[in-house]
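Have a look at the structure below, then the notes.
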Amino acid sequence: MIRYLTAGESHGPELTGITEGLPAGLAVSAEELSLHLARRQKGYGRGGRMAWEKDLVTITSGVRFGKTMGGPVSMKLANRAWEKDAANWPVTMSSEPVDEEIEKITLPRPGHADLTGVQKYRFDDIRPVIERSSARETAMRVACCGPARLLLKALGVEIGGHVIRLGESGYESWEHIRKKTDTVVGQSGAEALFQKADESEVRCLDPELTERMVEEIKRRRKEGSSLGGIYEIIVTGLPPGLGSYVHWDRKLDGLISQAIMGTQAMKGVQFGLGFESGGRDGRRVHDAITRDEKVPGGFGRETNRAGGLEGGVTTGQPLIVQGVMKPIPTMLDPLGTVDIKSGKAELTRYERSDVCALPRAVVVAESVIAPVIANAILEKTGGDSIDEILPRWKQLKESRL
Ligand SMILES: Cc1cc2nc3c(=O)[nH]c(=O)nc-3n(C[C@H](O)[C@H](O)[C@H](O)COP(=O)(O)O)c2cc1C
């Protein structure tokens with residue numbers, strides 16, 4: 001089974017990651033992993049750091065001559081902030097004790113892990129919490145999930161995401177979104193979706209909505225506020241039968257939810273119609289079954305309102321999952337807080353920050369679900385090498401009841 005760990009602080013020298021459980025013989029390159037890292041850095045509403053922090057991952061083990069060797073793949077990513085502000089960060093974030101007095105951060109920012117973090121770890125300085133809870137870590141997460149994404153691609157499973165709501169601007173209905181995505185995903189698969197969405201500054205397929213979203217970011221920036229929103233991720237090329245209904249911790253929707261909810265600032269996940277299904281009658285929710293030889297397994301659906309999963313198991317239809325991201329907590333217009341040292345009521349201090357990180361978060365969400373889906377496939381096929389997996393995968397895609 002594929003699993004990964006990241007290490008590193010936002011202003012430390014580098015981020016480190018290890019992904020293990022990858023089959024041998026999978027083509028993996030730093031260049032391909034960096035592709036999604038570059039995508040994670042683009043999007044209207046980003047802050048200053050993204051402009052100069054160019055993420056290029058280095059693979060330090062587990063890959064030889066461009067192919068995995070079955071062992072752990074380790075990666076590192078430099079934090080340019082460390083070199084850029086060399087008089088500050090190597091001292092502030094020194095792993096060795098230092099002689100100088102380093103100023104403590106004592107004003108917790110609402111919406112961040114600042115206060116809960118110091119309460120948990122009993123710090124008198126918020127710096128260690130900020131450093132690790134920061135979404136800078138998602139850069140390494142995208143890198144760590146990259147090999148799983150490449151494995152899926154080798155099997156013809158594609159992942160693509162787009163923004164469907166940003167603040168007050170969004171599609172009117174589920175059907176409206178389906179119309180937009182169906183024409184893009186169509187025959188070619190979900191990568192076409194992200195490629196098309198990447199043409200928009202806010203990763204939205206609709207040009208008119210894009211304009212409204214950009215205007216909204218401008219307005220909230222002027223007001224000193226911030227924005228979040230909702231994105232949708234589609235996965236194509238999955239056969240029926242991945243995941244299981246037999247236990248709560250084997251349901252594929254449950255496992256995908258954890259990967260998304262484990263990402264900074266995510267506040268909800270839904271599959272297919274999701275929350276909207278609670279307000280509709282059953283005939284406008286469930287998807288009638290048809291015979292369709294074009295679909296792996298031979299059964300199709302008249303609609304895909306379930307989002308490609310029933311009973312925690314894939315149906316053979318595209319998997320559709322949506323996630324909601326809260327607005328960025330760091331805002332120019334301050335919020336009330338309390339100094340943890342003096343106990344006095346204060347206002348938060350502004351630090352360099354994005355106004356809206358939603359377009360960037362789409363890439364993180366696309367990435368974190370890749371190992372979950374790859375594991376559901378590996379559970380079915382088994383296999384220690386890509387050569388073993390490919391014929392078993394072909395058999396699985398062609399199997400009929
Ligand atoms: C890709 C990405 C970029 C983010 N960038 C920022 C940022 O620039 N400023 C900020 O205050 N929060 C940012 N956040 C959000 C915080 O990381 C998040 O609100 C915080 O970790 C607490 O979230 P939680 O309550 O869900 O754990 C970002 C989140 C993501 C996923």
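Since this is a predicted model, take the numbers as computed values, not measurements.
- For E215 and R212, the salt-bridge test fails: no basic side-chain N is under 4.0 Å from an acidic carboxylate O.
- Every residue two or more places apart in sequence or in another chain that forms a side-chain hydrogen bond (donor to acceptor under 3.5 Å, both in side chains) with T60 is listed here: S74.
- Residues E293 and R291 are paired through a salt bridge, judged by an N-O separation under 4.0 Å between the basic side chain and the carboxylate.
- Scored by the side-chain hydrogen bond (donor to acceptor under 3.5 Å, both in side chains) test, Q264 finds E137, R141 as partners (sequence neighbours excluded).
- The pair D55-R136 meets the salt-bridge criterion, since a charged nitrogen lies less than 4.0 angstrom from a carboxylate oxygen.
- There is no side-chain donor-acceptor pair under 3.5 Å between H11 and T92.
- With sequence neighbours excluded, the residues forming a side-chain contact (heavy atoms from CB on, under 4.5 Å) with L332 are Y350, listed by chain and number.
- Under the 3.5 Å distance criterion, with hydrogens and angles disregarded, no donor-acceptor pair is assigned to the side chains of T303 and R284.
- Between the side chains of R39 and H36, a donor-acceptor pair is found at a separation under 3.5 Å.
- For the pair R149 and E366, the salt-bridge criterion is met [side-chain N within less than 4.0 Å of a carboxylate O].
- Ion pair E32/K153 not flagged as a salt bridge, since none of the NZ, NE, NH1 or NH2 atoms sits closer than 4.0 Å to an Asp/Glu carboxylate oxygen.
- Using a 4.0 Å cut-off between charged side-chain N and carboxylate O, K294 and D292 make a salt bridge.
- Ion pair E175/R280 flagged as a salt bridge, since at least one NZ, NE, NH1 or NH2 atom sits closer than 4.0 Å to an Asp/Glu carboxylate oxygen.
- Salt-bridge check for D198 with K42: failed, with every basic side-chain N at 4.0 Å or more from each acidic carboxylate O.
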